[in-house]
Protein chains: 2
Amino acid sequence: MKNRAEAPVFHTAVCAEPRQPLSQQENCIRSFPARLAHKELGMESKMIRKYRIGTPFNTESVTADIPQEKGLPEGGRDHVLFADGGRTLLYCLSEGEIIYGLGETVRGINKRGWDYISWNSDMPNHLETRRSLYASQNFLLFDKAYGGEDRCFGLYIDAPGKLEFDLGYTDYSQVRIDLKENDADIYILEGETPGEIVTAFRTIIGRSYVPPKWAFGLGQSRWSYMNEDEVREVADQYRRAGIPLDSIYLDIDYMERYKDFTLNGETFPDFAKFVSEMKEKGVHLVPIIDAGVKIEEGYDVYEEGVRNGYFVKDENGDPFVVAVWPGRSHFPDVLNSGARRWFGDKYSFLLDQGIDGFWNDMNEPSIFYTEKHLNEVFGELDEFRGVNIDIGRLNRLLSLVGEMAQREEDYREFYHDADGVRVRHDKVHNLFGYNMTRAAGEAFRRNRPGERILMFSRSSYVGMHRYGGVWTGDNSSRWEHLLLSMQQMPALNMCGFLYSGADVGGFGEDVTPDLMLRWLALAIFIPLFRNHSALGTRRQELYAFGPETEKKAAQIVRLRYALLPYLYSEFMKAVRDSRMLFTPLGFVWRDDMRARETEDELLVGESILIAPVVKPNASGRMVYLPEEMKLVRLRSAEDYEEEILPAGDHYIRAKLDEVVIFIRKGHVLPLAKAAENTVGVDYGSLAYLCHGAVPEEYELYNDDGISPAEF
Amino acid sequence: MKNRAEAPVFHTAVCAEPRQPLSQQENCIRSFPARLAHKELGMESKMIRKYRIGTPFNTESVTADIPQEKGLPEGGRDHVLFADGGRTLLYCLSEGEIIYGLGETVRGINKRGWDYISWNSDMPNHLETRRSLYASQNFLLFDKAYGGEDRCFGLYIDAPGKLEFDLGYTDYSQVRIDLKENDADIYILEGETPGEIVTAFRTIIGRSYVPPKWAFGLGQSRWSYMNEDEVREVADQYRRAGIPLDSIYLDIDYMERYKDFTLNGETFPDFAKFVSEMKEKGVHLVPIIDAGVKIEEGYDVYEEGVRNGYFVKDENGDPFVVAVWPGRSHFPDVLNSGARRWFGDKYSFLLDQGIDGFWNDMNEPSIFYTEKHLNEVFGELDEFRGVNIDIGRLNRLLSLVGEMAQREEDYREFYHDADGVRVRHDKVHNLFGYNMTRAAGEAFRRNRPGERILMFSRSSYVGMHRYGGVWTGDNSSRWEHLLLSMQQMPALNMCGFLYSGADVGGFGEDVTPDLMLRWLALAIFIPLFRNHSALGTRRQELYAFGPETEKKAAQIVRLRYALLPYLYSEFMKAVRDSRMLFTPLGFVWRDDMRARETEDELLVGESILIAPVVKPNASGRMVYLPEEMKLVRLRSAEDYEEEILPAGDHYIRAKLDEVVIFIRKGHVLPLAKAAENTVGVDYGSLAYLCHGAVPEEYELYNDDGISPAEF
């Protein structure tokens with residue numbers, strides 16, 4: 001039985017001075033009104049205009065009923081020029097104009113100066129020159145406040161196929177968006193500020209997913225913990241080291257030969273019992289679910305899928321054969337409501353054994369190869385025998401074998417049955433991960449109505465934010481990915497993805513102790529806080545680097561738990577109010593060129609600015625403060641230093657075991673004592689760090705952490 | 001006939017005030033003494049100690065006769081602990097201690113915090129997590145001046161096989177150098193300052209290569225300009241755009257089917273005439289030379305090599321078959337003096353047609369596959385037919401075909417005849433590029449004694465710096481590689497590689513206009529100044545981005561030519577005095593922690609500090625000045641602004657067509673008017689920008705640009 005004693009409540013802190021306990025019971029000021037009146041918002045003003053190009057597939061990313069404009073705007077009347085019948089959008093950028101948005105993509109907060117392609121891709125090497133990652137979130141926000149006319153607007157292109165965004169790549173002053181073959185709904189959003197535009201957009205796409213509170217604790221993952229004992233070892237080591245922990249992740253090897261909704265009976269002989277044992281230690285197990293279903297006679301999921309026609313089909317109507325981890329597989333047709341319901345219900349196999357969280361993977365969907373193409377490859381291989389393989393032939397050979405995965409041609413070879421409408425996959429490619437996660441999310445609401453289930457996904461599209469969070473995929477243990485993991489947050493927030501985060505320490509390649517510590521010092525502010533690493537890489541658990549690093553890591557992670565009351569409150573308010581959790585400085589200080597160009601600082605919630613050290617061998621960094629702030633150098637909830645700093649540039653030192661934050665004037669930061677896990681965080685003994693404010697000015701939220709958040 | 005009218009001379013500028021012409025003839029103060037008395041320096045003090053482990057191969061990287069210490073130091077007596085008979089070196093790092101050096105490697109100026117492997121590798125993806133690039137320069141410089149005991153020392157490990165440098169990777173406070181199987185000469189170098197240690201090291205390894213002066217001009221390259229007309233078009237476009245140009249590079253397609261020392265007669269029908277035509281336009285052609293010699297009956301180079309036994313051999317004594325561009329090929333045995341002389345003389349095929357510069361490529365040596373392994377691969381491929389290829393089999397298939405290149409096993413399959421001594425290649429792997437370039441350099445001295453020939457190489461080892469420069473290989477059009485190209489310079493300088501540089505704009509991937517301009521603004525300070533890009537990437541010639549970018553690029557490149565008197569003088573003085581051309585701030589301000597940690601600023605020569613903008617969408621950057629300096633914002637030799645700035649942090653704006661430099665107090669910067677090429681730079685009308693100094697305090701160097709530099 002879950003503890004439902006605590007109703008979800010927002011408090012306004014009432015302690016007269018910092019560090020005085022706040023009783024939750026006395027201070028329940030109000031609960032959230034259900035105020036997401038989508039229809040009204042869209043209709044009552046011309047804040048949002050919708051143009052339709054052709055007859056687009058209904059992605060259901062927008063939940064509000066926005067009336068469609070008649071025709072297209074002529075010339076550049078509605079900010080952008082609709083050329084080529086609206087299939088090419090043109091826009092001329094001003095000097096200093098910023099382009100925010102585009103969700104989970106590479107490069108900085110300002111997306112200007114590169115060419116991005118919306119095409120969900122399993123691409124593990126997140127170079128600054130990548131055009132596509134795992135997600136497509138086609139929302140842009142243009143802001144030219146500085147140095148001229150003050151104007152911002154939002155642009156959302158609801159089109160689920162391939163799109164190209166030339167955002168000053170060919171010419172630094174030109175935007176060219178090519179819808180390719182896509183039909184689309186195009187939304188132009190007006191607002192006085194970037195924040196207003198984000199709220200307008202978020203309001204029409206529906207409220208963000210809320211995970212259970214324990215999902216705000218630290219999770220430890222690796223590809224893979226192979227059996228019960230390895231999992232126990234992780235939990236025990238964390239406990240020994242005094243590092244709080246809330247969850248351990250199970251990667252693909254917990255299954256029987258990579259078959260969804262099975263368990264390896266040898267390595268996890270009594271799974272339900274083991275789940276229970278770990279829960280008693282305060283640790284939730286979170287298994288992975290893959291998109292592909294193995295083709296194997298006698299495997300119930302495969303057989304049911306075939307019997308009911310629930311898999312995507314080739315042009316002849318036969319289930320389409322792809323290969324993923326288990327080899328030959330089929331994809332569930334998640335665009336079909338029957339298949340979605342069926343696949344979603346399958347998660348109960350694990351829910352029924354006590355599991356309360358999942359991560360959906362490989363759902364771009366990733367294809368290692370198709371059976372059809374594999375046969376072509378082997379057919380051609382013989383041509384390389386007995387001839388001189390010069391560079392021309394060698395390149396052909398290498399691409400033949402090396403480029404069997406993620407081939408665009410393969411995505412044109414299969415079809416969905418979207419409730420009676422046959423759609424070729426490439427036309428709706430970017431919707432797969434969204435709808436796989438929706439399948440699960442809808443099932444959880446049916447099958448576990450009184451409970452929040454953790455769910456996040458690798459691939460996504462706008463709309464999926466209502467059903468789960470995202471992690472940003474297979475990053476690497478690189479300093480540049482530490483910075484990237486920070487820069488991706490605001491763009492995800494704009495599209496409603498609040499419960500999100502990158503693999504802390506980096507998934508691929510080998511992390512170093514100093515990189516791990518610096519990464520932690522950022523990641524403690526990010527909702528999805530999971531240390532994850534790949535097969536074959538250096539061990540990355542926080543106790544794996546020796547006692548010195550372990551001690552420092554413990555100190556930083558404990559700060560996460562001290563910050564939990566703040567982070568959880570800010571998360572919930574960002575959900576409730578459809579606003580950003582991570583805000584670029586340029587959103588707030590729009591006419592401050594320095595703030596606009598700051599790419600390595602963020603506001604987290606309403607009260608604090610963070611400026612993590614993101615470079616090796618640095619004992620500190622320069623920090624730009626757009627206004628006076630209070631520096632707090634945190635070592636623990638009890639051990640910290642404060643200093644008021646004026647606006648301007650400051651060199652700020654930060655040791656490897658310190659976290660430096662900056663409290664905005666007029667704001668409050670509640671701080672708890674650290675705990676072993678999220679359940680142990682004591683809201684009864686909060687301290688309040690204030691800068692020109694009193695604790696009453698802070699709106700604190702708490703609940704039982706499990707019941708659906710009804711505000 | 002070359003113009004020998006101008007003797008090489010150093011001037012001390014004598015103009016009484018800035019911008020007054022300086023007559024060269026009147027002001028020849030002195031020429032360089034031949035003062036590289038290697039033996040004396042090594043013997044007269046205990047500045048340098050040499051320890052021998054086993055019986056190392058004589059790499060000839062050190063030219064001085066340093067006596068060998070008897071035995072090894074016990075305990076940690078000589079800075080490092082010689083464990084395992086000297087095959088493992090251990091050292092404990094202090095807080096704030098910096099490790100400089102290691103030549104051409106990834107990451108920052110401070111190499112601490114990563115694990116590097118000396119193993120020359122053709123690896124085009126220069127990630128921060130790469131362990132090996134194309135070169136091995138095993139020189140390290142430890143400096144712990146800040147925050148405690150003041151101590152620095154140098155460490156050079158002369159061992160031509162694989163070495164591993166764990167420089168705080170496993171444990172941030174520990175250095176562990178693993179010589180693997182190598183015998184080695186280990187040198188410990190003492191000095192009061194990092195600069196002294198560099199000079200000591202450079203003195204024992206011999207004077208750096210000096211290219212012709214025209215090689216300091218801009219070069220334009222691409223893989224490949226396919227015929228005469230394409231080359232003419234490049235030259236004409238540069239002329240039309242008003243962008244100075246001194247050379248155009250010919251990549252592999254100028255040859256007949258990638259055969260060294262041949263010409264494609266269809267695309268370059270009268271090469272000598274064409275070379276002459278281009279020289280009349282002020283443009284030198286620079287062809288590439290590859291390490292591998294194609295196996296083809298009737299091809300003279302192949303046949304001569306086989307006949308004389310000049311190729312490396314397999315264990316049976318037959319020429320070893322590798323594959324590179326042309327397919328099946330042999331490598332010349334450049335460790336054999338006869339083969340070296342033969343191969344070097346081959347360059348005369350092109351010298352005799354008027355060519356006066358080359359670049360040596362693929363000389364790690366890169367192996368696309370070996371014939372032996374290819375047969376193994378095809379043998380195993382059949383096992384994949386008709387079975388379910390799950391992830392295990394798929395990974396095997398992908399690595400089987402995808403990892404045929406640069407296999408370590410292949411480097412253990414062939415042998416050198418080092419003048420009578422048979423050596424398995426892997427034991428001396430890192431010497432190949434060095435000795436290929438030495439073959440050319442020795443031949444040039446024999447065959448063109450009165451002339452400097454441009455020569456630089458992709459692969460290198462300490463010692464090669466006497467025969468040619470290096471370019472840093474196949475980088476990419478990434479902002480992080482712009483920064484990397486700057487950070488690599490000091491470490492190359494330490495090992496004598498003064499004529500060096502990265503491909504400007506990036507070789508692989510697609511450059512953007514803003515990245516190209518920012519890269520130029522750095523690269524105008526770097527001796528090897530070549531814009532180069534790969535097959536299949538966006539066109540990268542400076543006229544290819546439209547008129548706006550072209551104009552800005554012209555403005556920046558013209559500054560290179562305005563700076564030429566300074567850059568050429570500083571280069572020559574760095575050669576003469578065995579000192580750095582690019583100096584990290586920490587070398588000069590050793591007790592200034594901020595200077596020590598500055599990774600994106602450098603001193604260039606004696607007078608100026610540079611701090612280029614290395615990030616996108618930035619209208620400027622923070623610059624740390626360790627002392628008062630004079631900012632000069634250059635748009636041309638005639639159009640600039642000056643401002644004295646105090647020590648400290650400054651936000652400095654820099655537009656895309658501006659170059660901001662900082663003149664050190666007590667220093668002088670000569671500035672010429674721009675010109676169409678290096679020949680046109682007028683030393684008779686120099687201006688002198690001074691900061692607390694007078695022009696007389698500047699030692700200016702000039703010569704005819706072609707005669708060997710005898711100072």
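Letters A, B, ... mirror the listed sequences (proteins, then strands); counts begin at 1.
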Among D382(A), L400(A), L515(A), I98(A), which residue has the highest count of heavy-atom pairs closer than 4.5 Å to chain B? D382(A)
Working to the nearest 0.5 Å, report the span between CG of D171(B) and OG1 of T549(A). 7.0 Å
Do side-chain atoms of N617(A) reach the backbone of R112(B) as a donor and acceptor pair under 3.5 angstrom? yes
When W479(A), F368(A), F545(A), Y624(A) are compared by non-hydrogen pairs under 4.5 Å with chain B, the top option: W479(A)
Under 4.5 Å, counting heavy-atom pairs only, tell me which of G546(A), S477(A), S619(A), S476(A) racks up the most with chain B. S619(A)
Could you look at V511(A) and say if it's the side chain, the backbone, both or neither that has a heavy atom under 4.5 Å from chain B? backbone
Contacting region of I295(A) [heavy-atom separation from chain B under 4.5 Å]: neither
Is chain A contacted by the side chain of R538(B), its backbone, both, or neither, given a heavy-atom distance below 4.5 Å? side chain
Proximal component of Y258(A), with respect to chain B [non-hydrogen, under 4.5 Å]: side chain
Backbone N or O of E480(A) within a donor-acceptor pair of the E480(B) side chain at under 3.5 Å? no
Determine the option with the most heavy-atom pairs under 4.5 angstrom with chain B, choosing from L397(A), L398(A), T170(A). T170(A)
Just wondering, do N125(B) and N125(A) contact through their side chains at under 4.5 Å, heavy atoms? yes
Against chain A, label L374(B) side chain, backbone, both or neither, depending on which of its atoms sit under 4.5 Å from a heavy atom there. side chain
Within a strict 4.5 Å, meaning less than it, do heavy atoms of the Y172(A) and T512(B) side chains meet? no
Whether the side chain of N388(B) engages the backbone of P326(A) through a donor-acceptor N/O pair (distance < 3.5 Å, no angle test) should be reported. yes
Need one label for S173(A): side chain, backbone, both or neither, based on atoms under 4.5 Å from any heavy atom in chain B. neither
Greatest number of heavy atom pairs closer than 4.5 Å to chain A - which of R257(B), R478(B), E371(B): R478(B)
Heavy-atom distances under 4.5 Å only: say whether L127(A) touches chain B with side chain, backbone, both or neither. side chain
Backbone N/O of I389(B) and side chain of Y369(A): donor-acceptor pair under 3.5 Å: yes
Gap between atom CE of M593(A) and atom OH of Y651(B) - 0.5 Å precision: 4.0 Å
For the interface with chain B, which of R594(A), M622(A), R393(A) has the highest count of heavy-atom pairs at distances below 4.5 Å? R594(A)
Note: vs chain A, highest number of non-hydrogen pairs under 4.5 angstrom among V387(B), I391(B), V324(B) is I391(B)
Do N110(B) side-chain atoms and A618(A) backbone N/O form a donor-acceptor pair below 3.5 Å? no
Could you tell me whether a side-chain N or O of E509(B) sits under 3.5 Å from a main-chain N or O of T129(A), the two making a donor and an acceptor? no
Between R131(A) and D510(B), is a salt bridge (charged side-chain N to carboxylate O under 4.0 Å, His left out) present by the stated rule, with each step listed? CA-CA 11 Å; R131(A) 283 163 162 90; D510(B) 296 318; 3.3 Å; yes
Segment of R107(A) engaging chain B (4.5 angstrom heavy-atom cut-off): side chain
Side chain, backbone, both or neither: which part of L381(A) has an atom under 4.5 Å from a heavy atom of chain B? both
Over 12 non-hydrogen atoms of neighbours within 6.0 angstrom of CD in E548(B): no
Nearest 0.5 Å, please: how far is CG in L394(B) from CE in M404(A)? 5.5 Å
